[in-house]
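Single-structure report; data block below.
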Amino acid sequence: MIVRTTAEITGTDRDVSDAGWRSKRIILGGDGVGFSFHETTIQAGTTHEFHYANHVEAVWLVEGEGTLTDLDNGVSYELGPGSMYLLDGHERHRIETRTQMRMLCVFNPPVTGQEVHDENGVYPLVAVTE
C-alpha cells in the first residue's frame, strides 16, 4: 500500500514547475503500479500547448475554469469543476485558463518524474526503473 500527501512531496523532486504551471507527482513509474498520478495547477490567465505523443492522459478538473482546444481539429471545450477529458488519441491541445485550474491527471505509461516538456510540448518516453 502507498499512502502519500501532497504536503509531504511539496518541495521535493516530485514537485515540478515551469512557467505558469506546477505538477505534484504523487505516483510515478518507479512505484510500479503501471500509471502515474499528478496534481497539476495552471495559473490564471495563461495559455499552454501540450502534446503527449507517448502517453495517454486522463484529466479531472477539480477547480477553475478555462478552454481546452483540440489543435488537431480546432474543436474547443469549456472546462469547469467536474470536467474530465481523455487524450486517448495523443491529441495536440491548448489550455487557456480564465481562473487558476487545479486538476488530477493520470498518465499511462507512467512518467518517471524527471520529464519536462520539449519544444513541442511532448514528454519523452523514459524507461521506468524500479
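Values in this document were obtained by computation on a predicted structure and should not be read as measured data. Residues take their numbers from the sequence shown, with the count starting at 1.
- Of the possible donor and acceptor atoms, none in the side chain of Ser23 sits under 3.5 Å from a partner among the backbone N and O of Val16.
- Note: Leu61 CG to Ile42 CD1 = 9.0 Å, rounded to the nearest 0.5 Å.
- The closest side-chain heavy-atom distance from Val75 to Thr69 is not below 4.5 Å.
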Could you go through the salt bridge (Lys or Arg N to Asp or Glu O under 4.0 Å) check for Glu8 and Arg14 one step at a time?
-> CA-CA 10 Å; Glu8 73 187 68; Arg14 289 176 178 260; over 6 Å; no

Determine, step by step, whether Thr47 and Glu96 satisfy the side-chain contact (heavy atoms from CB on, under 4.5 Å) criterion, reporting the C-alpha distance in whole Å, the side-chain angles of both residues, the deciding distance to 0.1 Å, and the verdict.
-> CA-CA 4 Å; Thr47 299; Glu96 298 172 271; 3.6 Å; yes

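- Note that CD of Glu78 and CG of Leu68 are 9.5 Å apart. Values are rounded to the nearest 0.5 Å.
- Between Arg25 and Asp13, every side-chain heavy-atom pair lies at or beyond the 4.5 Å cut-off.
- Proximity of Leu104 to Val62: side-chain heavy atoms (C-beta onward) are separated by under 4.5 Å at one or more points.
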Derivation and outcome, salt bridge (Lys or Arg N to Asp or Glu O under 4.0 Å), residues Arg4 and Asp31 | CA-CA 12 Å; Arg4 289 194 181 105; Asp31 292 315; 3.0 Å; yes

Listed pairs under 3.5 Å, donor-acceptor, residues 81-89 side chains, sequence neighbours left out:
residue	atom	partner	partner atom	Å
Ser83	OG	Gly80	N	2.9
Ser83	OG	Gly80	O	2.8

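- Of all the heavy atoms in Pro110 and Gly29, the pair that sits closest is CB-CA, 3.5 Å.
- Aromatic pair His38/Phe107: ring centres closer than 6.0 Å.
- Taking both residues in full, the closest heavy atoms of Cys105 and Thr40 are given as SG-OG1, 3.8 Å, listed atom of the first, atom of the second, then distance.
- The closest donor-acceptor contact from the side chain of Thr41 to the backbone of Arg22 lies at 3.5 Å or more, if one exists at all.
- In this view, Glu57 satisfies the salt bridge (charged side-chain N to carboxylate O under 4.0 Å, His left out) rule with no residue, not counting sequence neighbours.
- The structure places CH2 of Trp21 at 9.5 Å from NE2 of His48, a figure rounded to the nearest 0.5 Å.
- The side-chain heavy atoms of Trp60 and Met103, taken from C-beta on, include no pair separated by under 4.5 Å.
- Atom OG in Ser36 sits 6.5 Å away from atom CG in Leu28 (nearest 0.5 Å).
- Here the side chain of Thr97 pairs a donor or acceptor atom with the backbone of Gly45 at under 3.5 angstrom.
- In this structure, Met101 and Ile95 have side chains that are in contact, with non-hydrogen atoms separated by less than 4.5 Å.
- Under the 4.5 Å side-chain heavy-atom criterion for grouping Ile, Leu, Val, Met, Phe, Trp and Tyr, Leu71 is not connected to Leu79 through any hydrophobic cluster.
- Ion pairing between a basic and an acidic side chain is recognised when a charged N comes within 4.0 Å of a carboxylate O; Glu39 and Arg102 show such pairing.
- Taking the six-membered ring where the residue is Trp, Tyr52 and His55 present perpendicular rings, their angle passing 60° and hence far from 30°.
- Using a cut-off of 4.0 Å between Lys/Arg side-chain N and Asp/Glu carboxylate O, Arg92 and Asp72 are scored as salt-bridged.
- Residues Glu65 and Gln100 have side chains not in contact (no heavy-atom distance under 4.5 Å, counting atoms from C-beta outward).
- Side chains of Ser76 and Thr67: no donor on one and acceptor on the other come within 3.5 Å.
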